[in-house]
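The next block holds one structure in the form of structure tokens; read it before the comments.
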Amino acid sequence: MPCEPVLKVLLLGGTREARTLATLLAARGGFQVVSSLAGRVREPRLPEGRVRTGGFGGVDGLTGWLLDNGIDAIVDATHPFAAAITDNAAIAAETARRPIVHLRRPGWTQLPSDRWLRVPALDAAATVVSELGERIFLTIGRQGVGTFARLLEPWFLIRSIDPPTAPLPPRHELLLARGPFTVAAETALLNERRIEALVTKDSGGEQTEAKLTAARTLELPVVMIDRPGLPAGANIVETVAGALAWLRGL
Ligand code: NAP
């Protein structure tokens with residue numbers, strides 16, 4: 001009996017979408033998937049199927065890895081703020097002449113009653129935040145918290161899955177927690193800690209959206225950090241279904 005052709009896929013992950021796609025591909029014939037994680041989280045939620053962990057060693061390392069492992073296609077389903085791996089993957093794919101798609105969930109949508117202040121990057125968030133209040137909820141994850149270490153006056157509630165390794169602002173409470181979070185729990189947290197403003201990345205997605213609903217209800221200002229750009233000419237899909245359709249089209 002002739003063998004069914006198999007497409008070897010590198011799935012760059014670390015997101016819920018990547019895990020969902022890995023599960024869907026595992027259930028179908030015709031795909032051999034290797035999910036890749038950076039190894040930042042101590043106890044990551046592992047995707048189904050084969051998983052490798054750790055950096056590739058920049059563009060050259062990733063290009064070599066694609067060729068050595070006979071990868072036919074790449075799905076970059078990393079977090080919207082993981083700009084380095086996204087850029088590296090785009091260059092490596094071009095060098096190795098392999099097709100790549102970037103799976104990016106849409107950012108959050110501002111409603112008329114939202115008090116959002118959009119800023120282009122973390123630095124800008126650190127510059128404006130002390131003007132918005134004295135008690136700040138820093139909900140940007142573990143990475144980038146060090147940018148706020150120079151702010152001596154405000155008090156920060158810092159939430160992340162694992163403890164940050166960078167220096168922290170002197171006045172803070174560290175809350176280790178992993179989403180999803182409910183609107184009721186987020187509202188209670190904002191009230192209990194007497195939060196006056198929030199700082200978040202425009203990550204998008206339902207898992208961590210409740211804080212925005214809570215902030216809206218309490219009429220709190222939110223510093224919304226814009227996403228880094230995608231590589232020029234990038235092939236982008238916004239949903240897992242879109243990535244699946246792209247793979248099936250290859
Ligand atoms: P980054 O700044 O774009 O990447 C830094 C380096 O980490 C990359 O150059 C690469 O090392 C390695 N790396 C990143 N993602 C990788 C992956 N999926 N597989 C193998 N190596 C990877 O990334 P980051 O912002 O540190 O994020 C790291 C991971 O956490 C990503 O997979 C992302 O999906 C996930 N994540 C990030 C955020 C966030 O806010 N940034 C939030 C949630 C989840 P080499 O150059 O050595 O290959």
Side-chain angles (χ1 to χ4, degrees), residues 9-22 33-47 49-69 71 73-93 95-96 100-105 107-108 119-123 125 138-148 158-166 176-181 198-209 211 223-231 234 236 240 243:
V9 178
L10 172 63
L11 175 49
L12 296 167
T15 59
R16 186 166 67 128
E17 288 83 354
R19 288 191 297 277
T20 306
L21 184 58
V33 179
V34 183
S35 289
S36 177
L37 302 178
R40 298 272 191 279
V41 179
R42 273 192 216 150
E43 291 175 30
R45 289 179 177 141
L46 288 175
R50 204 180 133 198
V51 180
R52 66 162 299 287
T53 304
F56 295 93
V59 171
D60 291 346
L62 179 51
T63 308
W65 196 94
L66 294 174
L67 296 172
D68 292 348
N69 289 274
I71 296 296
I74 302 120
V75 178
D76 165 28
T78 55
H79 189 270
F81 281 79
I85 187 69
T86 289
D87 289 347
N88 287 356
I91 300 169
T95 309
I100 181 168
V101 72
H102 301 272
L103 169 53
R104 282 295 175 280
R105 64 176 94 119
W108 286 309
V119 294
L122 274 170
D123 260 353
L138 198 51
T139 164
I140 58 170
R142 190 166 68 102
Q143 298 186 64
V145 170
T147 310
F148 295 79
I158 300 171
R159 183 168 70 190
S160 57
I161 297 175
D162 289 323
T165 47
L176 298 182
R178 192 196 297 244
F181 305 101
L198 290 76
V199 181
T200 180
K201 295 171 175 169
D202 187 6
S203 302
E206 291 162 12
Q207 299 263 95
T208 53
E209 195 176 14
K211 63 190 170 194
V223 180
M224 183 65 69
I225 304 169
D226 282 338
R227 295 170 168 208
L230 280 159
I236 303 159
V240 171

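We count ligands from 1, going down the list as the structure has it; atoms in each ligand are counted the same way. The analysis underlying the following values was restricted to heavy atoms, covering all of them including side chains, and did not include hydrogens, waters or symmetry mates.
- Between R159 and A177, the closest heavy-atom pair is CD-CB, 4.1 Å.
- Heavy-atom proximity to atom 29 (C) of ligand 1, evaluated over A38, A18, A92, G39, is greatest for A38.
- Within the 3.5 Å criterion, the main-chain N or O of G39 finds no donor-acceptor partner in the side chain of T53.
- Considering all non-hydrogen atoms of both residues, A92 and L62 come closest at CB-CG, 3.8 Å.
- Near S36, with a cut-off below 4.0 Å to any heavy atom, the atoms of ligand 1 are 17 (C), 18 (N), 19 (N), 20 (C).
- Remark: ligand 1 atoms within the under-4.0 Å shell around heavy atoms of G55 are 11 (O), 21 (N), 45 (P), 47 (O), 48 (O).
- Distance from atom 25 (O) of ligand 1 to its nearest protein heavy atom, with residue and atom name: A82 CA, 3.5 Å.
- Residue-to-ligand polar distances place F56 within reach of ligand 1: an N/O pair is separated by less than 3.5 Å.
- Side-chain atoms of D202 come within 3.5 Å of backbone atoms of W108 as a donor-acceptor pair (strictly under, hydrogens ignored).
- Looking at every heavy atom in both residues, G144 comes nearest to L122 through CA-CD1, 3.6 Å.
- Near N88, meaning under 4.0 Å from one of its heavy atoms, ligand 1 places the atoms 9 (O), 46 (O).
- Ligand 1 has no atom lying under 4.0 Å from any heavy atom of P80.
- Heavy-atom distances between G57 and ligand 1 reach below 4.0 Å in at least one pair.
- Distance alone, capped at 3.5 Å, places no donor-acceptor pair between the R50 side chain and the S35 backbone.
- A distance of 7.5 Å separates NZ of K211 from CG of L198, quoted to the nearest 0.5 Å.
- A distance of 6.5 Å separates CG in L66 from CD1 in I71, rounded to the nearest 0.5 Å.
- To the nearest 0.5 Å, atom CZ of residue F56 and atom CG of residue L12 are 5.5 Å apart.
- Protein heavy atom closest to atom 5 (C) of ligand 1, with residue, atom name and distance, is R40 NH2, 3.3 Å.
- Contact between G141 and ligand 1 is absent, with no heavy atom of the residue lying under 4.0 Å from the ligand.
- In the model, R104 has a side-chain atom that pairs as donor or acceptor with a side-chain atom of T86 under 3.5 Å.
- Polar contact with ligand 1: present for H79 (N/O pair, distance under 3.5 Å).
- Scanning the protein heavy atoms around atom 40 (O) of ligand 1, the nearest turns out to be K201 NZ, 2.8 Å.
- Side-chain atoms of R142 come within 3.5 Å of backbone N or O of R40 as a donor-acceptor pair.
- Of all the atoms in ligand 1, the ones that sit under 4.0 Å from a non-hydrogen atom of R52 are 20 (C).
- Close approach to G13 involves these atoms of ligand 1, each under 4.0 Å from a residue heavy atom: 18 (N), 31 (C), 32 (O), 33 (C), 34 (O).
- Taking each heavy atom of L10 and S36 in turn, the nearest pair found is CD1-CB, 3.9 Å.
- Of the protein's non-hydrogen atoms, the one nearest atom 46 (O) of ligand 1 is G58 N, 3.1 Å.
- Within the 3.5 Å criterion, the main-chain N or O of S203 finds a donor-acceptor partner in the side chain of R105.
- In this structure, L62 has no heavy atom closer than 4.0 Å to ligand 1.
- Ranking the protein heavy atoms by distance from atom 1 (P) of ligand 1 puts A84 CB, 3.8 Å first.
- From the protein, the heavy atom lying nearest to atom 24 (P) of ligand 1 is Q143 NE2, 3.6 Å.
- In this structure, atom 10 (C) of ligand 1 lies nearest to the protein heavy atom I85 CD1, 3.9 Å.
- The ligand atoms of ligand 1 that sit less than 4.0 angstrom from a heavy atom of G14 are 34 (O), 35 (C), 44 (C).
- Neither the backbone nor the side chain of R142 has a heavy atom within less than 4.0 Å of ligand 1.
- Residue-ligand proximity, A83 to ligand 1, at heavy-atom distances under 4.0 Å covers atoms 3 (O).
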